[in-house]
Engineer: 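Below is one structure. I have some questions about it.
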Amino acid sequence: MTSTVKAKNCELIAKRWALALMELACEAENVSKEDILDDLIQISETLNSSEELSDVINNPSVSTEEKQIVLCKIFQTNTMPIVYNFLFALNLRKRVGIIGEIAKEFAKELDRLKNITHVNITSAIELNEEKREEIKQKIAEKLHKDIVVDWGVDSEIIAGLIFNIDNNILDNSVRNKLEDLSRTIIKG
């Protein structure tokens, strides 16, 4: 299996687990989805911060029971019961190693439920706060969503803006228009 296929497979598996956890969170009363996400991130960071711990969790020769004892000692008292039980289920299915990817997918699902979209906008020059807010408002109105913007600057685009919305790129830069014109001229 190629690394791209493996990554897509891992992403799909993580998405399924994240959706299952979100479904549980929606059914549970008085459970904050944001707190669940915080716990998932904390677990992922803890597992990644210790090479020794990561080796134990990802080692197939360590039994599920032994891993559960380790996970219990570390996480049972400082995570929400719903998250700890989820971690227990992950361990039984030998999926603890993808907790970081599950956290990312859970965050995406939480944004979807909150009607939030992340947008990357690249401009040729640094934009002032007023202009940024104006652009942000126009995009929010067009998408009918709340948006979170990650701003970037790339002087090579000459002028204009490049928008990346959910991996859909709208390139309104002068560089792109010049490249299009060049291709048209070459085709004759």
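Hydrogens, waters and symmetry mates are skipped; everything else that's a heavy atom, side chains included, is used.
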Engineer: Would you mind checking if Glu141 and Lys138 are paired as a salt bridge, meaning a charged N to carboxylate O distance below 4.0 Å?
Structural biologist: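 Between Glu141 and Lys138 there is no salt bridge, as every charged N stays at least 4.0 Å from the carboxylate O atoms.
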Engineer: Restricting to non-hydrogen atoms, name the atom on Leu37 and the atom on Leu110 that form the minimum distance, rounded to 0.1 Å.
Structural biologist: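 Heavy atoms of Leu37 and Leu110 come nearest at CD2-CD2, 4.2 Å.
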Engineer: Answer with yes or no whether the hydrophobic clustering places Val153 together with Ile157; edges join I, L, V, M, F, W, Y residues whose side-chain heavy atoms lie under 4.5 Å apart.
Structural biologist: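 The answer is no; the residues belong to distinct hydrophobic clusters.
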Engineer: Report yes or no: do Glu179 and Ser182 form a side-chain donor-acceptor pair below 3.5 Å?
Structural biologist: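 No, no side-chain donor-acceptor contact under 3.5 Å.
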Engineer: Residues two or more places apart in sequence or in another chain: which of them pass ring-ring contact (aromatic ring centres under 6.0 Å, His included) with Phe106?
Structural biologist: none
Engineer: Can you check salt bridge (charged side-chain N to carboxylate O under 4.0 Å, His left out) on Glu101 and Lys104, steps first, answer last?
Structural biologist: CA-CA 5 Å; Glu101 288 81 10; Lys104 289 176 191 171; 5.3 Å; no
Engineer: Do Phe88 and Leu71 land in one hydrophobic cluster if side-chain heavy atoms of ILVMFWY residues count as linked below 4.5 Å?
Structural biologist: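 Cluster IDs for Phe88 and Leu71 differ.
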Engineer: Is it true that, when you exclude Glu34 itself, more than 12 heavy atoms of the residues, nucleotides or ligands shown sit nearer than 6.0 Å to its CD?
Structural biologist: yes
Engineer: Under a 4.5 Å side-chain heavy-atom rule over Ile, Leu, Val, Met, Phe, Trp and Tyr, are Ile147 and Leu170 clustered together?
Structural biologist: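 Yes: a chain of side-chain contacts under 4.5 Å links Ile147 to Leu170.
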Engineer: State whether the number of non-hydrogen atoms from other residues, nucleotides or ligands found under 6.0 Å of Lys15 atom NZ is greater than 12.
Structural biologist: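 Counting neighbours around NZ of Lys15, 12 or fewer heavy atoms of other residues, nucleotides or ligands fall under 6.0 Å, so no.
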Engineer: Distance only, no hydrogens: is a donor on one side chain within 3.5 Å (strictly under) of an acceptor on the other, for His118 and Asp111?
Structural biologist: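 Note: His118 and Asp111 side chains meet the donor-acceptor criterion.
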Engineer: Would you call Arg112-Glu105 a salt bridge at under 4.0 Å N-O?
Structural biologist: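 Glu105 and Arg112: not salt-bridged.
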Engineer: Would you say Ile13 and Arg95 make side-chain contact, with heavy atoms under 4.5 Å?
Structural biologist: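 Side chain of Ile13 against side chain of Arg95, heavy atoms only: contact under 4.5 Å found.
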Engineer: The criterion is salt bridge (Lys or Arg N to Asp or Glu O under 4.0 Å); which residues satisfy it with Arg16, sequence neighbours excluded?
Structural biologist: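 Arg16: no salt bridge (Lys or Arg N to Asp or Glu O under 4.0 Å) contacts found.
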Engineer: Quick one: OG on Ser63 to CD on Glu65, what's the gap to the nearest 0.5 Å?
Structural biologist: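 So the OG of Ser63 and the CD of Glu65 are separated by 4.5 Å.
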